[in-house]
Structures are given as C-alpha cells and as structure tokens.
Amino acid sequence: MALMSRRVAGFGTTVFSEINALARLHGAVNLGQGAPDFDAPPEVLAAAIRAVNSQLNQYAPGIGMATARAAIARHAARFYGQELDAETEVLITAGATEGMFSAILGLTDPGDEVIVFEPVYDSYVPNMIMAGVTPRYVALRGDDWSFDSDELARAFNARTRAIIVNTPHNPTGKVYSRAELSFIAELCQKHGVIAITDEVYEHILYDGAAHTRLATLPGMARWTLTVSSLGKTFSVTGWKVGWAVGPESLVTAVNRAHQFITYAVASPLQATVATALELPPDFYSNLQAMYQAKRDRMLTSLRHAGFEVLKPQGSYFIMVDWRGAAPSRIQNDVQFAEWLTSEIGVACIPPSIFYQDSDKHLGRHLARFAVCKKDETLAAAAERLLRLAKA
Ligand code: PMP
Ligand code: GLN
C-alpha cells in the first residue's frame with residue numbers, strides 16, 4: 001500500500017529546495033530562491049528581540065494581535081486609501097503562503113474553478129488540488145506579459161468561484177496596469193467572482209511603476225481579499241508573518257480555515273508589524289532606490305553575458321531568454337539551470353515549473369534570476385556570468 005496520499009503524490013519536491021541543494025553542492029552564487037542575503041532594518045530586528053524579552057511568547061489571538069492588525073489597517077489607508085476595520089477585516093496568517101491557502105480553503109468548494117494567470121506562482125495550484133478545486137489557466141504572453149481579454153472573459157463560467165491575481169508578479173516582474181485590473185474587476189462583478197490578490201511585492205517597483213490595489217477599484221471592496229506579508233518589504237522572508245484583509249464576510253471565511261491550520265502566528269514576530277509598517281517614508285523610498293540599483297546592475301550584467309532580458313517592472317526577479325548565451329547542447333530551462341549552477345557557478349530558477357504540463361514549452365527558453373542580494377553577491381554572479389560572453 002502506498003503510504004503517500006494521492007492528494008500529494010503528484011507534487012514532487014519544490015524547485016526552490018532542489019536548486020538550493022544544487023547551489024550548495026557546487027558552491028554556486030545563489031540567485032535562485034527569492035530570499036535576501038542581507039538583514040532586515042535594525043529597528044525591526046530590535047522590535048522582535050524586545051518582544052521576546054517582554055514575555056510576548058504565548059499564543060496570540062487566532063485572528064492576530066490587535067497592535068499588528070491596527071498597523072496593517074493604517075498601512076492600507078496610508079498607501080492605498082483603503083479603509084479597513086482592524087477588528088473584523090484583518091487576519092494575520094503564517095506568511096502570504098498560508099494566507100493564500102486559507103483563502104482558497106475558506107472561499108471555495110470542491111468542484112469549483114479558480115482562474116490563475118500562467119506562469120503561476122508555485123503554491124497556488126497545489127493549494128487548489130488539496131482543496132479539490134480546478135485551476136483554470138489564462139496565459140500571460142509577449143514582452144509585457146499581457147493577457148488576451150477575450151481569453152480571460154471566456155475563462156469565467158458558472159463554476160468560477162475566484163480569480164487569483166499576483167501583482168507585482170512572480171516570476172515575470174509584471175505589474176498589472178490599472179486598465180488590466182479594471183477589466184478583471186468588471187468580470188468579477190459581472191459574474192460574482194471573488195478576487196484573491198497576492199501583493200507581497202507591493203513595495204518593490206521599478207522605473208516609477210505604480211502598484212494598484214485591486215480592492216480599491218470601484219465596486220471591488222466587497223469582492224476582494226488582499227494578501228501580503230512582511231517577508232519581502234522588510235527582508236525577513238524567514239519570519240512568515242502575513243495577512244489577509246478584506247470585507248468581514250471574506251475574512252471570517254478565511255479565518256475558519258486559518259484557525260485549524262496554524263491557529264495563531266508567532267507572537268514576538270507579529271509584535272514587530274507596527275514597527276515595520278510604520279517606518280518613515282524614507283524607508284520605503286530607500287527600499288525602492290536600492291532595488292532599482294540592484295535590478296539595473298543585474299540587467300546590465302545579464303545583457304553583457306549574452307542574455308535577452310525581459311525587463312521587470314517590480315518584484316525580486318528578472319526573467320531572461322538564455323538561448324543566446326548557452327551551448328547548443330542545452331535543450332531546456334531545467335538543463336540550463338543545472339548547467340549554469342554546476343559549470344558557471346550561478347544558480348537560477350527554471351521557469352517551466354510555473355506552467356502546467358501542457359504549457360511547459362512556454363517556459364523552456366527562460367531563466368529566472370533573483371536580485372534581492374548584496375552588491376558583493378551580484379558582483380560575484382556578474383563576474384561568473386561574464387564567462388558566458390567570452391565562451
Ligand atoms: N507569494 C509570492 C508571489 C511569492 O513570491 C512569495 C515568496 N516567496 C510568497 C507568496 C510567500 O510569501 P510568505 O513568505 O510571506 O509566505
Ligand atoms: N517565493 C520565493 C521565490 O519565488 C520562494 C518561496 C519558497 O521557497 N516557497 O523564490
């Protein structure tokens with residue numbers, strides 16, 4: 001008898017674990033997983049230490065600490081003019097990952113369809129499979145990763161329960177425009193479909209791109225659950241402190257699932273949320289400037305190495321077409337990522353993992369590099385990548 005359930009048997013190991021292991025094995029500069037190799041702002045780290053030393057070490061309320069919920073509501077008002085009741089419309093989750101999973105479990109029924117844009121962040125579809133929900137894919141295509149409006153409109157049907165929108169987008173770095181989000185908003189309202197948004201890269205934007213919160217578009221407050229987290233903005237991806245915000249009806253449903261998955265999130269880390277989100281405007285502008293410089297520097301290095309670069313507007317990532325920079329024996333993105341890691345000493349992510357089986361060819365010529373690394377790390381990667389140009 002197989003010990004593994006049929007539910008998880010098809011999942012395999014996440015590509016992030018595989019690439020991390022390969023990078024370690026070969027001593028490669030790891031531009032694979034989107035995790036900073038530098039630390040959080042000192043004020044945020046100090047707040048965590050203070051919390052541990054103040055006996056904030058027992059269970060927090062399941063819905064989240066009041067101070068953290070209030071800070072999340074103030075942040076939504078400060079950046080997006082979104083009015084939230086901190087008592088009923090904010091739920092703290094174990095990172096955005098658990099927020100998304102609890103959202104799917106709390107807001108869909110087995111047999112429903114949920115629309116996702118492809119390439120799709122790796123956890124959503126396994127979440128849906130565990131929930132008994134069918135993913136319905138809509139392709140992002142071309143240099144700007146746009147979707148075909150007719151294709152999206154056709155994807156909505158009587159079984160559609162929700163649509164997931166991740167902006168800024170992993171892995172492409174696409175930032176959905178206001179016009180695109182307005183089109184999605186119209187379809188959601190026309191069909192009574194919930195939008196679940198993953199906005200973890202909301203503060204990592206390039207070239208003056210603006211992040212639009214779908215929940216703030218006309219009529220969307222009641223239809224949108226917004227998920228985000230501390231991880232990316234404050235360089236604490238290991239903390240797993242996230243949130244899901246939206247109307248009470250949706251947040252209550254998500255909490256029904258959350259209370260039996262994690263119950264409550266690490267108290268001393270939740271206790272830092274107010275300190276983090278309430279850092280002054282300088283923190284947010286410096287973060288953008290820092291990432292802009294890192295992205296620009298990596299774009300130049302990748303171009304010098306011979307890659308065709310698909311310029312991101314946001315997120316931790318740059319997607320490239322590797323075909324001009326790799327030996328002809330390399331046939332696909334997985335081979336490319338393995339070869340780059342083992343022979344050149346730079347690890348990246350093969351993007352075909354963000355596609356369903358029948359669409360994997362769409363990611364075969366691509367590679368994803370993370371830019372959330374110290375300048376020394378990016379310099380070491382650039383030096384190694386330059387070997388491709390000389391080869
Ligand atoms: N969503 C997206 C699109 C991501 O890129 C990530 C980052 N790894 C997550 C969710 C996970 O966020 P968290 O660490 O807060 O669970
Ligand atoms: N979101 C991170 C990335 O895309 C990885 C998170 C994880 O390992 N699950 O690199």
Side-chain angles (χ1 to χ4, degrees), residues 11-23 30-37 40 64 68 72 91-104 116-128 140 145 164-176 196-205 211 214 225-245 254 258 261-262 265-266 269-270 272-273 276-277 291 312-319 337 347-355 363 366-373:
F11 291 170
T13 307
T14 92
V15 71
F16 302 108
S17 310
E18 284 179 356
I19 294 288
N20 284 342
L22 198 66
N30 193 347
L31 304 186
Q33 192 174 36
D37 62 354
I72 289 161
L91 170 71
I92 313 265
T93 58
T97 309
E98 191 246 322
M100 294 300 292
F101 187 36
S102 293
I104 291 166
V116 290
F117 291 96
E118 191 179 47
V120 57
Y121 181 59
D122 76 324
S123 67
Y124 309 154
V125 171
N127 286 174
M128 287 180 210
L140 298 174
W145 300 101
I164 294 180
V165 183
N166 166 218
T167 183
H169 184 252
N170 179 3
T172 65
K174 172 189 175 68
V175 173
Y176 283 69
I196 304 171
T197 68
D198 178 341
E199 305 185 13
V200 295
Y201 299 106
E202 62 188 296
H203 290 294
I204 299 174
L205 299 160
H211 173 67
L214 181 57
L225 184 87
T226 307
V227 174
S228 193
S229 79
L230 286 187
K232 315 295 169 173
T233 307
F234 300 97
S235 312
V236 286
T237 61
W239 281 12
K240 307 298 289 185
V241 175
W243 48 87
V245 305
V254 180
H258 161 80
I261 298 175
T262 53
V265 173
L269 301 181
Q270 282 194 62
T272 70
V273 168
L277 292 180
Y291 272 107
Q313 299 165 290
S315 88
Y316 274 180
F317 308 111
I318 300 178
M319 287 272 253
C348 62
I349 297 294
S352 60
I353 60 116
F354 299 108
Y355 289 88
L366 301 173
R368 190 197 81 174
F369 291 90
V371 303
C372 50
K373 303 293 169 180

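Every number for a ligand or one of its atoms is a count from 1 in the order of the listing. On a predicted model such as this, the values are computed, not experimentally measured, just so you know.
- Residue Thr237 does not touch ligand 2, judged by heavy-atom distances below 4.0 Å.
- Taking any N or O of Gly34, backbone or side chain, at least one lies under 3.5 Å from an N or O belonging to ligand 2.
- Within 4.0 Å of ligand 1, counting heavy atoms only, the contacting residues are Gly95, Ala96, Thr97, Tyr121, Tyr124, Asn166, Asn170, Asp198, Val200, Tyr201, Ser229, Lys232, Lys240.
- Distance alone, capped at 3.5 Å, places no donor-acceptor pair between the Glu199 side chain and the Thr226 backbone.
- The residue Tyr316 has no part lying near ligand 2, judged by heavy-atom distances below 4.0 Å.
- Counting only distance, with no hydrogens or angles, the side chain of Lys373 and the backbone of Ala35 share a donor-acceptor pair below 3.5 Å.
- Between Arg368 and Pro171 the shortest heavy-atom distance is CD-CB, 3.5 Å.
- Within ligand 2, the atoms closer than 4.0 Å to a non-hydrogen atom of Lys232 are 1 (N), numbered from 1 in the order shown.
- No option in Val120, Ile104, Thr197 other than Ile104 meets the side chain to side chain contact (heavy atoms under 4.5 Å, CB included) test with Ile164.
- Here the protein heavy atom with the shortest distance to atom 8 (O) of ligand 2 is Gln33 NE2, 2.6 Å.
- For a threshold of 3.5 Å applied to N or O pairs, the pair formed by Asp122 and ligand 2 contains no separation below that value.
- Residue contact annotation: Asn170 has a non-hydrogen atom under 4.0 Å from ligand 2.
- Between Met319 and Trp145 there is a side-chain heavy-atom pair separated by less than 4.5 Å.
- Looking only at heavy atoms of the protein, atom 9 (N) of ligand 2 is closest to Tyr121 OH, 3.7 Å.
- With hydrogens and angles ignored, the 3.5 Å screen pairs no side-chain donor or acceptor of Asn170 with any backbone N or O of Thr172.
- Classification of the Tyr121-Phe16 ring pair by plane angle, with boundaries at 30° and 60°, yields tilted.
- With Thr93 contributing its side chain and Gly95 its backbone, the two residues share a donor-acceptor pair below 3.5 Å.
- The closest side-chain heavy-atom distance from Leu140 to Tyr176 is below 4.5 Å.
- Between Tyr201 and Tyr291, the gap from one ring centroid to the other reaches at least 6.0 Å.
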